[in-house]
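So you know, we letter chains A, B, ... as the sequences are listed, proteins then strands, and number each from 1. Quantities reported herein were computed from a predicted structural model and do not represent experimental measurements. FYI, side chains are in, hydrogens and waters are out, and symmetry mates aren't considered; it's all heavy atoms of this structure.
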Amino acid sequence: MRVRFDPRTVVFAISGLACLATAQAQTPVPDATATLDFAYLALATKRVLPLSYLDQPPTDDGVQGARLGLADDATTGRFIHQAYHLTEAIEPDAASVLASFKSLTAAGQKLFVTDLPADLLLQVADLPEAKDATLLDATAQDDRLRADGCRANVLHLLPSRAMLADALMQYLAVKKWRNILLVGGPDPGDKAYADAIRHAAAKFQIHIVADKPWTYDPGARRTDTGHYAIEAEVARFTQGIDYDVLVVADEGDNFGDDLSYRATDPRPVAGTQGLVPSAWARPFEQWGGTQLQSRFLKQAGRWMTDRDYGAWMAVRAVGEAAAHGSSTDPQAIGSFLRGPDFELAAFKGARLSFRSWDGQLRQPVLLADARSLVSVSPQPGFLHQFSELDTLGVDQPESSCHLK
Amino acid sequence: MPSEMTAARARLGALLLIAASCAAGPALAERLLVSNEKDNTITVVDGKTLAVIKTVPVGARPRGIILSKDGKSLYICTSDADHIEELDLASLTVSRTLPSGPDPETFTISPDGKLLYVSNENDNMVSVVDIAEARITNEIAVGVEPEGMGISPDGKTLVNTSETTSMAHFIDTASHEVVANVLVDSRPRVAKWTADATQVWVSSEVGGSVSVIDAPTHKVIKKIRFAIPGVATESIQPVGIALTNDRKTAFVALGPANRVAVVDAQTFEVKKYLLVGQRVWQLAFSPDEQRLYTTNGVSNDMSVIDVPALKVTKSVPVGRLPWGVVVAP
């Protein structure tokens, strides 16, 4: 499946821009618009229904963020005679992703925003055709992509699991909630998340008093009177453990929400559910965040997800590099993105830039529950020689990434 | 029925009162007005004693405030109420509302005092409001998230900044056409013209810089950057700008860096950083430019800077999340 994206729809999507185009047409401007072509390459994934019926998984998360980013880029571009064209290639399987990447590079594309799982991303990045390309990984949070599996032609937009875990542990340290019960799910993502929590806990001197796998299979997601069984199970699971916070690793939203209110002792839940460290959150309204929330809601008819936000940042990063580097040449954009003059404003009250050692975008991490923003990390008092944002995630001295 | 004698006495009394206020000088009459974004109030502070005279309830989320040209009214962008309120400064009550377009954040007033130019953050528009008629007469399409507004001293050119587009748009106020777009650093917030109309200073909150734009050529002639020992560079977020009329000195509020930078406006050299309250936002001079007032959003106060001495002399508690400050003579 190849979805070609017509930039005209962007103009229609934002009525104000249509007026703007008219206004521009009336004033004599030099007709020397430079066009940047880049591509959005994704593997279409079918997401299963999470535990909560309230959060129906969207079918278009990621790409909607890219479209909004393109509309924002286009506004700037119109004023400086740059146009941006994003080809959407959303493929059903890994083989089609690889084939699509090859045909796009053969057609001259060198800049890609990707929504791909880690293994597939590495396969693409290691293709000979990717040698001169820049891949902006909009959605993968795997730490290994920033460590031994890092690649010089890949930049990462969303915070890694290590950054999320550090953001949460900093907050627990500030609150002096130093004893945690870690509950990890069975999926590979859950295990990676739990590993990140273990590492962050050691880093910020948070004590894991018990580290327990969640093995209980609740059976069918929806059963009449099923709540009795869940309540009894969670009470039994948490009995006899003395802790301040239950930290859960359940990336698939399969059981984490069941852990609140049902434990033996009244303790808050944090991690993948409860108080969640994330790049973006529905209740977030600070630093002009309301503007992005409402623009997205208007365009997509639903709330913005982390994946949308990652893709929005990727497309905005390309637009900013083109505008401020005064070039639509993909290679020039690639080097501007990695250079000292690049900065991205992404509604976090800070300027974001890519870490030179692993290609990760340094950024604040939100701590929010379903209805309110609780805090934003880095927490005050966690200092750093160069940037306090680098107290989150793997810092240069400890990085095992050796970019070539 | 009052006798002739009583009326005469009353007239005399009124005259004496006027005489007394004149003798005390303008400082007595000078009042500071602060918009409190979180409290939905305007704090009125006596300019001489720095005591709070009154806290006036206004519409939801008051942010940008500006004085009418006759000095009798304060216009308030009440953002969440989606309109502008006019505060009568004699009675200290809201006397009427003006339309503004959605989510008005900041605005500026034409030199003849007849028009307000309002940035509508949600709408990518600048609305032109006729104050006397209380209606929107024009809308001008600009970049994504319009914010700062500065009008040239002759009223012919309006500069609007757009936060996500990172530009200063120069707008001809006669034709309402955008005549130039100047790229600046990320999230431009405030645009200030120099009194001699030769330059426009634009602060970039996330970019951490102030761009000085040559007004006739629309070229950035200088980017002023700031560095404070012991303060993280991410915390240096320039917002408010105040320029002395002789264009010798500029003051720049640096947000969460909790400092106001003092800049030589001729050489663009940063001379000093003054420690004020937390998240310093907007700035206003007293009419004689002897004092500079700052709003400090996180510490909920206002700092008073002695301009000749370049010293912070006092902090005045106001409402929660103070945003804008205006001095009414």
- Would you indicate whether the side-chain heavy atoms of Gln291(A) and Val144(B) approach each other to under 4.5 Å? no
- Message: Any heavy-atom pair between the side chains of Glu343(A) and Val206(B) that's under 4.5 Å?
- Response: no
- Residue among Ala180(B), Gly208(B), Ser162(B), Gly207(B) with most heavy-atom pairs under 4.5 Å to chain A: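 Most heavy-atom pairs under 4.5 Å with chain A: Gly207(B).
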- Among Arg187(B), Glu145(B), Glu139(B), single out the residue with the greatest number of heavy-atom pairs under 4.5 Å to chain A. Glu145(B)
- For the pair Phe347(A) and Glu163(B), evaluate side chain to side chain contact (heavy atoms under 4.5 Å, CB included) and give the outcome as yes or no after the intermediate values. CA-CA 10 Å; Phe347(A) 303 94; Glu163(B) 288 178 325; 5.8 Å; no
- Message: Donor-acceptor pair, distance only, cut-off 3.5 Å: does the side chain of Arg351(A) make one with the backbone of Thr233(B)?
- Response: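 Between the backbone of Thr233(B) and the side chain of Arg351(A) there is a qualifying donor-acceptor contact (under 3.5 Å).
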Chain A contact via [X] - which portion, at a heavy-atom distance below 4.5 Å:
X         : answer
Asp185(B) : both
Glu121(B) : both
His169(B) : side chain
Val184(B) : backbone

- Residues Leu183(B), Thr76(A); criterion side chain to side chain contact (heavy atoms under 4.5 Å, CB included); working and verdict: CA-CA 9 Å; Leu183(B) 203 59; Thr76(A) 308; 4.2 Å; yes
- Thr75(A) side, atom OG1; Asn181(B) side, atom CG - distance, nearest 0.5 Å: 11.5 Å
- Supply the atom-to-atom distance Glu320(A) CD to Ser166(B) OG, rounded to the nearest 0.5 angstrom. 4.5 Å
- Before giving the answer on side chain to side chain contact (heavy atoms under 4.5 Å, CB included), spell out for Arg316(A) and Thr164(B) the whole-Å C-alpha distance, their side-chain angles and the decisive distance to 0.1 Å. CA-CA 10 Å; Arg316(A) 286 288 299 127; Thr164(B) 290; 3.9 Å; yes
- Message: Checking an interface table here. Which of residues 354-368 of chain A come within a heavy-atom distance under 4.5 Å of chain B?
- Response: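 Contacts with chain B: none.
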- Message: Sub-4.5 Å heavy-atom contacts with chain B: which residues of residues 376-394 of chain A show up?
- Response: Ser387(A), Glu388(A), Leu389(A)
- Task: Considering non-hydrogen atoms only, spot the tightest contact between Thr165(B) and Phe79(A) and give its length.
- Result: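 Heavy-atom minimum between the residues: CG2-CD1, 3.9 Å.
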